[in-house]
Amino acid sequence: MTELIRYVILAILASQAAYFFAIFFLYKVMMDWYEWSTFPKPSNIFEKTVNFLTALIFGVAYWAGLRVKIKNWFMKRVYLLGYVFVYIILAVIIYNILNAILKYIEMSF
């Protein structure tokens with residue numbers, strides 16, 4: 001069971017990184033796609049669930065895209081590369097921490 005949890009964590013972290021690169025190459029298209037796939041002011045549980053899952057899978061990259069929105073074309077790419085490198089480092093750290101917790105849980109049972 002913990003192996004499945006590891007794969008889910010890896011899939012989420014990898015999809016965030018992949019979306020970073022998609023935003024890097026196709027900034028306007030990917031930012032519009034994210035905005036089209038979420039509800040601006042969710043009013044029921046379905047809309048809130050859709051927003052949560054979309055943010056879980058692509059949210060960090062979209063947040064970085066919003067941070068560089070006012071920059072020119074070149075600086076937008078430079079900042080996004082910086083965000084990607086920071087994200088990759090943090091993703092590895094987060095995965096190692098969660099993996100250690102899962103290993104501890106495995107040994108307990």
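Heads up: numbering here begins at 1 and tracks the sequence.
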Fill in: Over 12 non-hydrogen atoms of neighbours within 6.0 angstrom of CG in L4
yes
Discussion item. Are the side chains of V60 and F20 in contact, using a 4.5 Å heavy-atom criterion?
Written reply: yes
Worksheet item: Linking I/L/V/M/F/W/Y whenever their side-chain heavy atoms sit closer than 4.5 Å, directly or via other members, would L66 and V78 fall into one cluster?
Response: yes
Worksheet entry | ILVMFWY cluster, Y83 and I12 together (side-chain gap under 4.5 Å) | no
Worksheet entry | Within one Ile-Leu-Val-Met-Phe-Trp-Tyr cluster: W63 and V84, side-chain cutoff 4.5 Å | yes
Practice prompt. Could you grab the distance from atom CZ of F46 to atom CZ of F39, nearest 0.5 Å is fine?
Written response: 5.0 Å
Practice prompt. May I ask you to decide if the ring planes of Y62 and Y34 are parallel, tilted or perpendicular, using 30° and 60° as cut-offs?
Written response: parallel
Worksheet item: Should L80 and W73 be regarded as members of a common hydrophobic cluster, given that ILVMFWY residues are connected when their side-chain heavy atoms come within less than 4.5 Å of each other, either directly or indirectly?
Response: yes
For residues 22-31, tabulate all N or O donor-acceptor pairs below 3.5 Å that involve a side-chain atom, not counting sequence neighbours.
{"from": "Y27", "atom 1": "OH", "to": "G65", "atom 2": "O", "distance (Å)": "2.6"}

Worksheet item: Does the side chain of Y19 reach to within under 4.5 Å of the side chain of S15, using non-hydrogen atoms?
Response: no
Run the side-chain donor-acceptor check on residues 87-98: report pairs under 3.5 Å with partners two or more places apart or on a different chain.
{"from": "Y87", "atom 1": "OH", "to": "L13", "atom 2": "O", "distance (Å)": "3.0"}
{"from": "N96", "atom 1": "ND2", "to": "V92", "atom 2": "O", "distance (Å)": "3.2"}

Donor-acceptor pairs are to be reported for all side-chain atoms of residues 99-109 against protein atoms at under 3.5 Å, with residues two or more places apart or in another chain.
{"from": "N99", "atom 1": "OD1", "to": "R6", "atom 2": "NE", "distance (Å)": "2.4"}
{"from": "N99", "atom 1": "OD1", "to": "R6", "atom 2": "NH2", "distance (Å)": "3.3"}
{"from": "E106", "atom 1": "OE2", "to": "T2", "atom 2": "OG1", "distance (Å)": "2.3"}
{"from": "S108", "atom 1": "OG", "to": "Y104", "atom 2": "O", "distance (Å)": "2.9"}

Worksheet item: Which pair of non-hydrogen atoms, one from V50 and one from T54, has the smallest distance, and what is that distance?
Response: O-OG1, 2.8 Å
Discussion item. With clusters defined by side-chain heavy atoms of hydrophobic residues (ILVMFWY) lying less than 4.5 Å apart, directly or transitively, does F74 cluster with V68?
Written reply: yes
Worksheet item: Distance-only, no hydrogens or angles: does the T38 side chain make a donor-acceptor pair with backbone N or O of N51 under 3.5 Å?
Response: no
Response to the item:
CZ (F58) and CD (Q16) are apart, to the nearest 0.5 Å, by 8.0 Å
